[in-house]
Amino acid sequence: MRAPERYGRVREGHAQRLALATERLRQAAQAHPERVVLATSLGAEDMVLTDLIARHRLGIKLATLDTGRLHASTLEMLPRIEARYGLKVRVYSPPAQAVIHFVRERGLDVMRESLAGRQACCALRKLEPLQRLLDGHTAWVVGLRRGQSSNRAEQPFETVDETGRCKLAPLADWSQADVWHYIGEHQVPYNPLHDAFHPSIGCEPCTRAVALGEDERAGRWWWEHASAQECGLHPVAGAHQQDTEVHAA
Ligand code: SF4
């Protein structure tokens, strides 16, 4: 069974959540002209956001991180997005020399040796390129949802970091069923790994399939304690948070 049929379902209030998410994106484009970017993981939620941005011709750029450890099917999403929407996704990678040095010193699979090793790998391959991706932007859009894990249960629609940059999560109140209903209804392209029980897709060595009923992010860094299962792109606490009132146009 394909992911849209497996996970998708019309839930009460879906149309309203869709209208509000679209309005949040529209307001972000208006409030941050040329300075707002969707940091896409190329996963299901970010494909919904990509579709909304393209469908409504919103002035929100697309960018992603190529850590050097992604699945081939994830990288194949780049030409698929371009073919479907005519949109280019800008790709940010860690510096090649730094990666060579890191692997020589720490090994390729340092993430399995300790939490510190895993966090060092994420810092090099994700956090440093993310800073370059965000440079010059006053807002970024992400696909975080409250239902993805207990770590994200309080995810607000908007946070502001210490530099004043806004982080917007227009799908914060969407469920997995909402996401896959939208993808099925609008024939949105998606990573075929989602059909193979990968609700959340990250780097290849750090992602596995999950069983039905498991937490959506149970397949990410599954050998670690659940409270540690974030890569640092989306710290759980610390940022000033504000939920803004948005009314669908
Ligand atoms: S998710 Fe895994 S492979 Fe990717 S950067 Fe983090 S530790 Fe490294």
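Every heavy atom of this structure was used, including side-chain atoms; hydrogens, water molecules and symmetry mates were not. Since the model is a prediction, treat every value here as computed from it, not as a measurement. As the structure lists them, so they are numbered: ligands from 1, and atoms in each ligand from 1.
By the salt bridge (Lys or Arg N to Asp or Glu O under 4.0 Å) test, Glu214 pairs with Arg208, sequence neighbours left out. Here His14 pairs with Trp174, His181 under the ring pair (Phe, Tyr, Trp, His ring centres under 6.0 Å) rule; sequence neighbours left out.
Listed by number with element, the atoms of ligand 1 under 4.0 Å from a non-hydrogen atom of Arg125 are 5 (S), 8 (Fe). Those atoms of ligand 1 with a heavy atom of Cys203 less than 4.0 angstrom away are 1 (S), 3 (S), 4 (Fe). Taking every non-hydrogen atom of Met111 and a distance limit under 4.0 Å, the qualifying atoms of ligand 1 come out as 3 (S), 7 (S).
Using a 4.0 Å cut-off between heavy atoms, Arg118 contacts ligand 1 through both its backbone and its side chain. Only the side chain of Lys126 comes within 4.0 Å of ligand 1, judged by heavy-atom distances.
Taking the ring centre of Tyr190 as origin, the terminal cationic atom of Arg2 falls outside the region bounded by 6.0 Å and 45° from the ring axis.
A side-chain N or O of Thr163 and one of Asp161 form a donor-acceptor pair less than 3.5 Å apart.
Trp180 has its side chain within reach of Ile183: a pair of non-hydrogen atoms, C-beta onward, lies under 4.5 Å apart.
For atom 6 (Fe) of ligand 1, the set of nearby N, O or S atoms under 2.8 Å includes none belonging to Cys206.
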